[in-house]
2 protein chains.
Amino acid sequence: MPSPSLTPIDVNRLKAVCSTCSLHELCLPAGLDQRELEIFGRLFNRRRPVKRGDYLYRAGAELQSLYALRTGFMKSCVLHEDGREQVAGFHMMGDLLGLDAISSNSHTCDTVALEDSDVCEIPFSSLEKLSREIPSLQNHFHRIMSREIVRDHGVMLLLGSMRAEERLAAFLLNLSQRFAVRGYSPTEFNLRMTREEIGSYLGLKLETISRVLSRFQEEGLIEVQNKHIKIKKPEKLHALIGQTACKI
Amino acid sequence: MPSPSLTPIDVNRLKAVCSTCSLHELCLPAGLDQRELEIFGRLFNRRRPVKRGDYLYRAGAELQSLYALRTGFMKSCVLHEDGREQVAGFHMMGDLLGLDAISSNSHTCDTVALEDSDVCEIPFSSLEKLSREIPSLQNHFHRIMSREIVRDHGVMLLLGSMRAEERLAAFLLNLSQRFAVRGYSPTEFNLRMTREEIGSYLGLKLETISRVLSRFQEEGLIEVQNKHIKIKKPEKLHALIGQTACKI
DNA sequence: ACACTGGTTTGACCTAGATCAAAATGCCGC
DNA sequence: GCGGCATTTTGATCTAGGTCAAACCAGTGT
């Protein structure tokens, strides 16, 4: 039953907050009722801006919250104590960050904003509590964690058995698809990261990224202008790889 | 309160079943009371043997259960439709398998026994239900998923930024450590997988695995005899890499 | 004991991508 | 609009690891 203290307008406001907040991942599919929604909205309302270049969290920091990325763009890097760092993922609107920290109660990678961003803090203990009460939320959360595992397997496939061209094609198509899901153009977008960061993610050097990008351009598959990318022949990019790698 | 229908002997039996069943991952740390233990024991009692070479599950199969590996050794492979396959992980006693399937309700990789094995089936819906009732179980399950994510990040680091020697050193030390945790010798063990499977996992070819293994042997770091490995200078293997990669 | 089969080792050679270097471009603060 | 810095492009060269090929070995079933 609807809680008496909530008008339909409140509920709509909550829904709006909620759906902006963690769009694709946490909120929408949870199918909460009004009372649940209210709690949910409260829980998910702790907004925190992160300026470009700032850390959302660093490796070693204690787990307090997970973070739903509302707007902006981030990267996560896992570090090797000899200085090497490996970009483990790029995150955009709707992604849920910090899952790595649950295992040991402390973060295992650095997460940095690549442009001015906004996150919702989600205190992890509250999330666990709430998901004990709301089965659909529980299941949804499990799916999100599992999806991350599947995604990582995809990256392992990419790093372990694809050539430079294939990796980059998969990368571009993956970005394209993620933009599409979020309502942006899948064929034209700005890269938020440097060639070096792409290289790190794909296990290649920045020069190789640059060269392959140029080659793709020569072959008419894409147009590159600095950070601006226009995908002209997605089907040819697809052909370069198998489909597996980009449906992550 | 203890359930009146359970004698201390029952409880001990359940504890035994339970701890053999999913040793390091699910049971031990859950800290259940007697009633919980009883339900748990029932839930985890569906034993299923898997013969060497048989599939535990295949990509595409619907998610029914997760599997706690009781005895034996398995590998998971993610497949590329052009035939390439990438080994995504090796599993031993105590590991929890099938987490990838939660995301889409169907498995995304093949899991095959590398030697005769035994698993406990854990119906996923029951696990979700039970973990709503037992917070410590819930949290433990979340940690397991998160650990898998952390592990995968480690593999990404390895594949993305380590040289062949480093990869193999990290691999051997990782195995060594996992055997140690399970009470086996960390310095002497049998590889259950072929050089080709190691290669696939590490993003290298079998010839490279063979060569590097030989080189390690020449340098006195290890002794290899076919599948039998003796680690003679773990500290030197450590020195070859940073520590990060092997503490997964 | 033997032959088959699948796995492993080792060698010779080759190539994708790394490395090094330098020029070109874009971007930010002033 | 200008100077300085970071990023990117492109070229020339080098090398780790891949490829191809042949011998070798270990376990299995007969």
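Source: prediction; values computed, not measured. Per chain, numbering begins at 1; letters A, B, ... match sequence-line order.
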*Would you classify Leu213(A) as touching base, sugar-phosphate or nothing, given that sugar-phosphate means primed atoms plus P, OP1 and OP2, and contacts are heavy atoms under 4.0 Å?*
nothing
*Contact class for Gly203(B) vs. all strands (heavy atom < 4.0 Å): base, sugar-phosphate, or nothing?*
sugar-phosphate
*Opening and closing nucleotides of DNA chain D in contact with chain B, under 4.0 Å to non-hydrogen atoms*: dG17(D) to dA26(D)
*Which part of the nucleic acid does Thr194(A) contact within heavy-atom distance under 4.0 Å: base, sugar-phosphate only, or nothing?*
sugar-phosphate
_Separation of atom NE2 in His228(B) from atom P in dT8(C), rounded to whole Å_ = 15 Å
*Remember a base hit wins even if backbone is also touched, and classify Arg211(B) as base, sugar-phosphate or nothing at under 4.0 Å, heavy atoms.*
base
*Below 4.0 angstrom from OP1 or OP2 of dA16(C), is there any side-chain N or O of Lys205(A)?*
no
*Give the rounded distance in Å between these two atoms: CG of Asn190(A) and P of dC27(C).*
10 Å
*asked:* Tell me if the NZ atom of Lys227(A) is crowded by more than 12 foreign heavy atoms within 6.0 Å.
replied: yes
*Could you tell me the separation between the CG atom of Asn226(A) and the C1' atom of dC27(C), rounded to a whole number of Å?*
9 Å
*Answer whether the closest heavy-atom distance between the side chains of Asn190(A) and Phe73(A) falls below 4.5 Å.*
no
*Have a look at Ile209(A) and say if it touches a base, only the backbone sugar-phosphate, or nothing, with a 4.0 Å heavy-atom cut-off.*
nothing
*Report the distance from atom CD of Gln217(B) to atom P of dT8(C), rounded to the nearest whole Å.*
15 Å
